[in-house]
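Chain A is the first sequence line, chain B the second, and so forth, proteins listed ahead of strands; every chain is numbered from 1. Side chains included, hydrogens not; waters and symmetry mates left out as well; all remaining heavy atoms used. Keep in mind that this is a model prediction, so the values were computed, not measured.
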Amino acid sequence: MLEISKKLEDVLNRALVKIFPKEDRSNKTSSILSGTKLLPASKPEFGDFQINCALPLAKEIKQPPRQIAQQIANHLQKDNDYLQICNAPIVAGPGFINISINSKTLISEIYVRLNDERLGIPLKEFSTVKKEEKNNNRVIIDFSSPNIAKEMHVGHLRSTIIGDSLARVLEFCGYEVLRINHVGDWGTQFGMLITHLKEVIPEALYTKDVVEISDLVNFYRQAKKRFDEDPVFQNKSRSEVVNLQTGHQDSLIAWQLLCNQSRKEFQKIYDRLDIKLTERGESFYNNLLVDVINDLKNKDLLINDQGAQCVFLDGFVGKDGKPQPIIIQKSDGGFNYATTDLAAIKYRLAPPPNGDGAVRLIYVTDAGQASHFFGVFQIAKLAKWIPIDCQVEHVPFGLVQGDDGKKLKTRSGETIRLVELLDEAIQRAKTDLIDRLKTESRSENESFINKVSTTVGIAAIKYADLSQNRISNYQFSFNKMLSLQGNTAPYLLYALVRIAGISRKGGDLNVESQNILFNEPQEWNLIRKLLQLDSVIAEVEKELLPNRLCGYLFELSQIFNRFYDQIPVLKANEPSRTSRLALCSITAETLKLGMNLLGIPTLERM
RNA sequence: GGGGCUGUAGCUCAGUUGGAUAGAGCGACGGUUUCCUAAACCGUAGGUCGUGGGUUCAAGUCCCGCCAGCCCCGCCA
């Protein structure tokens, strides 16, 4: 309904100019009127849109608000564009104007969506002014980012799922999205890993693919244990770090081996989750770090503090009340994560071929890193690496908590592996399904059961995460996410299954009739909800909050279920039968598109 | 000490630039099936929006104070 609301806004502005000529407006009046917009109705019974400006105007121009509202309403009614789209405006309450779209317009909107893959949602338009020098629709989303030689755990869950969904939404809108996996593939921990590898599996360095480090986590633990306990090992590890950084052949081979092994493990998870990422780890920025230091130095931003190269920012104060530095280069000459992040910002925004030339950078990491990113963004701004028309934003999310409200851990207090989480969700979905088949005396083959439980399990995990406002902490519960009632993946999937059922029983969802007609309130409710899709997607694109899309899909499913329950489709007479099939068809397409944007697969039967 | 996030029904959470009687779901209680998958639908009960001020015609929403919980704060990422 974005198009319609745009048209109506023009109509509204024309009316306001006529009633309140610009030259007669006081400052306050003009500020009220310039902020005046057509708002979506706060409740369905108020229609589709509302206009509220009569209330703030009342005091300023000393007229009763209802009188002002009536005046605006009268002007709207005289406007031909308005009359084509809407029913007569209604002045309500203390001075609200309620507007509802007429059925002719609603039906023509339904026709538009019937045979449109994008369901009437236009691609975003990008200015092409500087096309040669910049990819002005290129966005980088930095998400997932596990560490090499460690296993993915719950901590990576939210970043991965939320980042993927945001990427899908922006891609659908027309952005060119670079999905960057900023893996931890560099740094001091590789010293001990390489040293350990050389000692335990030395042949790995000289023969290709001879070794599978099947349990990297254990391998990491062993290395860490030796590092903590054995001073000789410690020294070897430290010099190994230097070897690696100076590019010694066998150190690099060992490093590659570890990275490849990890990559394989990560990929298994990404495949199961159907998530695509381009790996570009910390090591990528290694040879750009010196430039970061030099550039900051040239811009007089660096201060030597106790041997470390630091940037001091306003508002950063330490425990003792003294200004607190952000360390860019350690006193031993080494770099840290602020340095890498700065190099990444610089590279991602710089024009090709020496950069990505992106216009929007999005970092999907936990909220704990908020102040780190705030500081790093500040520095990048001071260094003038962020062009005016570019946006750099941190998209934070809260902790994953268990039922007890504490950070999610296993019973023995260990971090939960992501694989186990997925397996358990699928297993539970399977148990539920088998129980259900029994009570319904249905029989299904093994492959059906596996497919459904896998889809439902993964969908449940993703949806549970996405459906919550990402900023607050999120309470993880298998029971809730797999529940067949409420705002859950299974509930949404079921709505789609019902539509597929109608199709199987002879309902042709490929509606081409030009004779569509609606009479029932349940039909109109469904239509109105269907037409909100475009504004919901626009909102997610702007606010980067996938839970808004989830909320919408849930409401749509509820309204559809009500419709399904109360309004016969297949048994209805024409033209109602075809008209209702059209609604089923668009509902199905809307749910599929929405779920797809969340990264969740759907089912025909379950 | 400084900074950030959170606080809404018994529980888990929505709540879009400030708008009409604060919304869902779960749980509780009651009802609906010769009919497209009842994994659904309908109804009832349930609230001092942490707290105290302020701004406004209008505050869950904006501003200030306070309380509680979680997180971050020099050479880890």
For this session: Give the B/S/- string for nucleotides 20-27 of chain B, one per nucleotide from 5' to 3', where a protein heavy atom under 4.0 Å of the base yields B, of only the sugar-phosphate yields S, and otherwise -.
Result: BS-SSSS-
Problem set entry | Point-to-point distance, once rounded to the nearest 0.5 Å, from CE of Met192(A) to OH of Tyr220(A) | 4.0 Å
Exercise. Counting side-chain heavy atoms from C-beta on, which of C5(B), G74(B), A77(B) comes nearest to Gln369(A)?
Worked result: A77(B)
Exercise. So does Glu9(A) pair up with Lys37(A), basic N to acidic O under 4.0 Å?
Worked result: no
Problem set entry | Integer angstrom distance from the C1' of C57(B) to that of G2(B) | 40 Å
Exercise. C5(B), U12(B), C76(B): which one has an atom nearest the side-chain heavy atoms of Gln475(A)?
Worked result: U12(B)
Problem set entry | Between G19(B) and G60(B) - P atom distance, rounded Å | 9 Å
Exercise. Which residues within residues 488-501 of chain A lie with some heavy atom under 4.0 Å of an atom in RNA chain B?
Worked result: Tyr491(A), Tyr494(A), Val497(A), Arg498(A), Gly501(A)
Exercise. What interatomic distance, in whole Å, is found between P of C11(B) and the corresponding atom of G18(B)?
Worked result: 30 Å
Problem set entry | Distance between P atoms of G31(B) and G23(B) (Å, rounded) | 27 Å
Exercise. Using the C1' atom in both, what is the distance from G10(B) to G53(B), to the nearest Å?
Worked result: 31 Å
For this session: Could you tell me whether Lys224(A) and Asp228(A) have a side-chain N and a carboxylate O separated by less than 4.0 Å?
Result: yes
N/O contacts under 3.5 Å, protein versus nucleotides 29-35 of chain B?
| from | atom 1 | to | atom 2 | distance (Å) |
| --- | --- | --- | --- | --- |
| C35(B) | O2' | Lys571(A) | NZ | 3.0 |

For this session: For nucleotides A39(B) and G7(B), find the distance between their C1' atoms and express it as a whole number of Å.
Result: 34 Å
Exercise. When the ring planes of Trp255(A) and Phe190(A) are compared, do they come out parallel, tilted or perpendicular, using 30° and 60° as the limits?
Worked result: perpendicular
Exercise. Applying a 3.5 Å limit to both distances, which nucleotide forms a Watson-Crick or G-U wobble pair with U12(B)?
Worked result: A24(B)
Seminar exercise, completed: When both distances are under 3.5 Å in a Watson-Crick or G-U wobble arrangement, the nucleotide paired with G18(B) is none
Exercise. Taking the side chain of Tyr564(A) as heavy atoms from C-beta outward, which of C41(B), A77(B), A38(B) is closest to it?
Worked result: A38(B)
Problem set entry | Ionic contact status for Asp366(A) with Arg158(A), cut-off 4.0 Å | no
Exercise. When the P atoms of G15(B) and C5(B) are considered, how many whole Å apart are they?
Worked result: 16 Å
Problem set entry | Nearest-nucleotide 5' precedence on RNA chain B, Lys505(A) against Tyr474(A) | Tyr474(A)
Exercise. Which residue lies toward the 5' end of RNA chain B, Gly368(A) or Gln468(A), if each is placed at its nearest nucleotide?
Worked result: Gln468(A)
Problem set entry | Same-atom distance (C1') from C26(B) to C70(B), integer angstrom | 25 Å
